[in-house]
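Take a look at the structure set out below.
Lettering follows sequence order; numbering is per chain, from 1.
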There are 2 protein chains.
Amino acid sequence: MQLRPEQILNDHQLRRTAVRLAVLRIFLEADEALSQSYLEQQFEQVDRITLYRTLRTFEQKGVIHRALDGTDTPKYALCAGECNEHAHHDHHAHFHCDDCGRTYCLEEMVAPRFHAPRGFRVDEAHMVLTGVCKECLEGVSP
Amino acid sequence: MQLRPEQILNDHQLRRTAVRLAVLRIFLEADEALSQSYLEQQFEQVDRITLYRTLRTFEQKGVIHRALDGTDTPKYALCAGECNEHAHHDHHAHFHCDDCGRTYCLEEMVAPRFHAPRGFRVDEAHMVLTGVCKECLEGVSP
DNA sequence: AATTTCATGCAACGTTGTTGCATTTGTGTT
DNA sequence: AACACAAATGCAACAACGTTGCATGAAATT
């Protein structure tokens, strides 16, 4: 996992701009999957279209991946490092807390191999877990 | 699995209206998860708000469930029968075909029990498989 | 058949996804 | 250090979708 925003942009051949660096910093601090609207709120002022395109570019280039969490709001999280322009490797599970609404990447939890049912060919498998996260269970968060 | 639309409405204490019956008939014939916009196209003429509320009501009452398929378009499918106003039991996997875009319920494929990681409490587990469906593999569909 | 309860249709609004275009900014080159 | 080119940004604009309020019409209950 790359640690510095500048490094990440270099690795993916992306120009070093203010918005991109800021977005990466937010992701690096967050350690969870974030929605575009959440990101927007982290800025004093930012153009939502720029943010939209930043996320789209990041996803295409393999910097972030979409975290499937069962809600209607797409969320994104930093890729672990093996992702690039050509392929994503985000086959870990995602956990959505019904209490605080946060979505976590469970890097350690990889989807098991499934045999293709009904004559289908399975290319990818994703898992979505829902429940209550540790912090909410402990009553730390509302 | 109930077979007649009228029966389904009765079972869930829902009024027998034209739109609801029509929607149920489409679902019964489809045997796959459908989006609201697809449903809209099946009608000569229908109010999208009515359709929206119909789906919402059906979901709340346990007639249909949301099929998580990794796309941005929510899709719905008939519940197998054990669902009601209080709880859904749609823990089977869903398969999304990247070719034709259809989403299938894999009733026979139930999410395995997962132990809760990081001190989280897992209430539900969903699986989303993507790939190519049988029909597309066989070249029947475009 | 009358009454009540609920579904419908329409207006309306907010949010989000998306594109085009002019301007600004980053980056490799002179 | 200045230049030139390509790419990112900011803004306008629009489409699609989710959502609510309200008046009207249809179902179920008596």
Side-chain angles (χ1 to χ4, degrees), chain A residues 4-26 33-76 85 101 103, chain B residues 4-26 33-76 85 101 103:
Chain A
R4 291 174 54 254
E6 293 82 359
Q7 180 82 42
I8 297 178
L9 292 179
N10 281 346
D11 289 355
H12 295 273
Q13 297 168 59
L14 291 166
R15 289 196 177 175
R16 185 179 303 187
T17 71
V19 175
R20 291 179 176 177
L21 289 172
V23 167
L24 286 176
R25 273 187 223 103
I26 299 172
L34 308 175
S35 66
Q36 174 170 346
S37 70
Y38 174 86
L39 286 165
E40 259 173 74
Q41 291 162 24
Q42 303 312 108
F43 285 84
E44 279 286 320
Q45 182 206 358
V46 74
D47 185 61
R48 71 180 187 94
I49 291 99
T50 301
L51 212 44
Y52 163 73
R53 283 194 267 230
T54 300
L55 293 174
R56 190 175 54 177
T57 303
F58 279 2
E59 192 186 3
Q60 284 171 178
K61 297 281 187 169
V63 178
I64 60 178
H65 63 269
R66 212 175 262 242
L68 199 59
D69 75 347
T71 69
D72 287 339
T73 333
K75 301 205 181 58
Y76 304 87
E85 200 166 357
T103 299
Chain B
R4 292 174 54 255
E6 293 82 0
Q7 181 81 43
I8 299 177
L9 292 180
N10 280 346
D11 290 355
H12 295 274
Q13 298 168 58
L14 290 166
R15 289 197 178 173
R16 184 178 303 187
T17 72
V19 175
R20 289 178 178 178
L21 288 171
V23 168
L24 286 177
R25 274 188 222 105
I26 299 172
L34 307 175
S35 65
Q36 175 171 345
S37 69
Y38 174 86
L39 287 165
E40 259 172 74
Q41 291 162 24
Q42 303 313 108
F43 286 84
E44 278 286 321
Q45 182 206 356
V46 73
D47 186 60
R48 71 179 187 96
I49 291 99
T50 302
L51 212 43
Y52 163 72
R53 283 192 267 227
T54 301
L55 292 174
R56 190 176 55 180
T57 304
F58 279 2
E59 192 186 2
Q60 284 171 179
K61 296 283 186 168
V63 177
I64 60 178
H65 63 269
R66 211 175 261 242
L68 199 58
D69 75 348
T71 70
D72 288 338
T73 333
K75 301 203 180 60
Y76 303 87
E85 200 165 357
T103 300

Exercise. For residues L21(B) and P5(B), report the shortest heavy-atom separation together with the two atoms involved.
Key: CD2-CB, 3.7 Å

Quiz item: Rounded to whole angstrom units, what separation is found between the CD atom of Q13(A) and the C1' atom of dA7(D)?
Solution: 14 Å

Quiz item: Considering only heavy atoms from C-beta outward, does the side chain of T71(A) approach that of K75(A) to under 4.5 Å?
Solution: yes

Exercise. Could you identify which residues of residues 34-49 of chain B place a heavy atom less than 4.0 Å from some atom of DNA chain C, listed by residue number, or say none?
Key: D47(B), R48(B), I49(B)

Quiz item: How does protein contact run along nucleotides 21-28 of chain C, one letter per nucleotide 5' to 3', with B for base contact, S for sugar-phosphate only, - for none, heavy atoms under 4.0 Å?
Solution: -----BS-

Quiz item: Can you list the residues that meet the side-chain contact (heavy atoms from CB on, under 4.5 Å) rule with R48(A), with sequence neighbours excluded?
Solution: Q36(A), E40(A)

Show me, pair by pair, the donor-acceptor contacts under 3.5 angstrom made by side chains of residues 54-64 of chain B, not counting sequence neighbours?
unit_1 : atom_1 : unit_2 : atom_2 : d
T54(B) : OG1    : T50(B) : O      : 2.6
T57(B) : OG1    : R53(B) : O      : 2.8

Quiz item: Just how far is it from atom CG of N10(B) to atom CZ of R4(B), taken to the nearest 0.5 Å?
Solution: 8.5 Å

Quiz prompt | Atom pair OG1 (T17(A)) and CG (L9(A)), whose distance is rounded to the nearest 0.5 Å | solution = 7.0 Å

Practice problem: Send over the distance from K75(A) NZ to dG17(C) C1', rounded to a whole Å. | Solution: 17 Å

Quiz item: So which of residues 54-69 of chain B are in contact with DNA chain D, with a heavy-atom cut-off of under 4.0 Å?
Solution: R56(B)

Practice problem: Determine: side-chain N/O of Y52(B) to OP1/OP2 of dT19(D), distance under 4.0 Å, yes or no. | Solution: yes

Quiz item: CG of L51(B) versus P of dA16(D): gap in Å, rounded?
Solution: 16 Å

Quiz item: Given axes from five pairs at either end, by how many degrees does the helix from dA1(C)-dT30(D) to dT30(C)-dA1(D) bend, rounded to 10°?
Solution: 30°

Exercise. Kindly indicate whether the side chain of L68(A), heavy atoms from C-beta on, has any atom under 4.5 Å from the side chain of R66(A).
Key: no

Quiz prompt | Approximate separation, where rounding is to 0.5 Å, of F43(B) CZ and L51(B) CG | solution = 6.0 Å

Self-check item: Toward the 5' end of DNA chain C, by each residue's nearest nucleotide, D72(B) or T50(B)
Solution: T50(B)

Quiz item: Is a side-chain donor or acceptor of R20(B) paired with a backbone partner of R15(B) at a separation under 3.5 angstrom?
Solution: yes

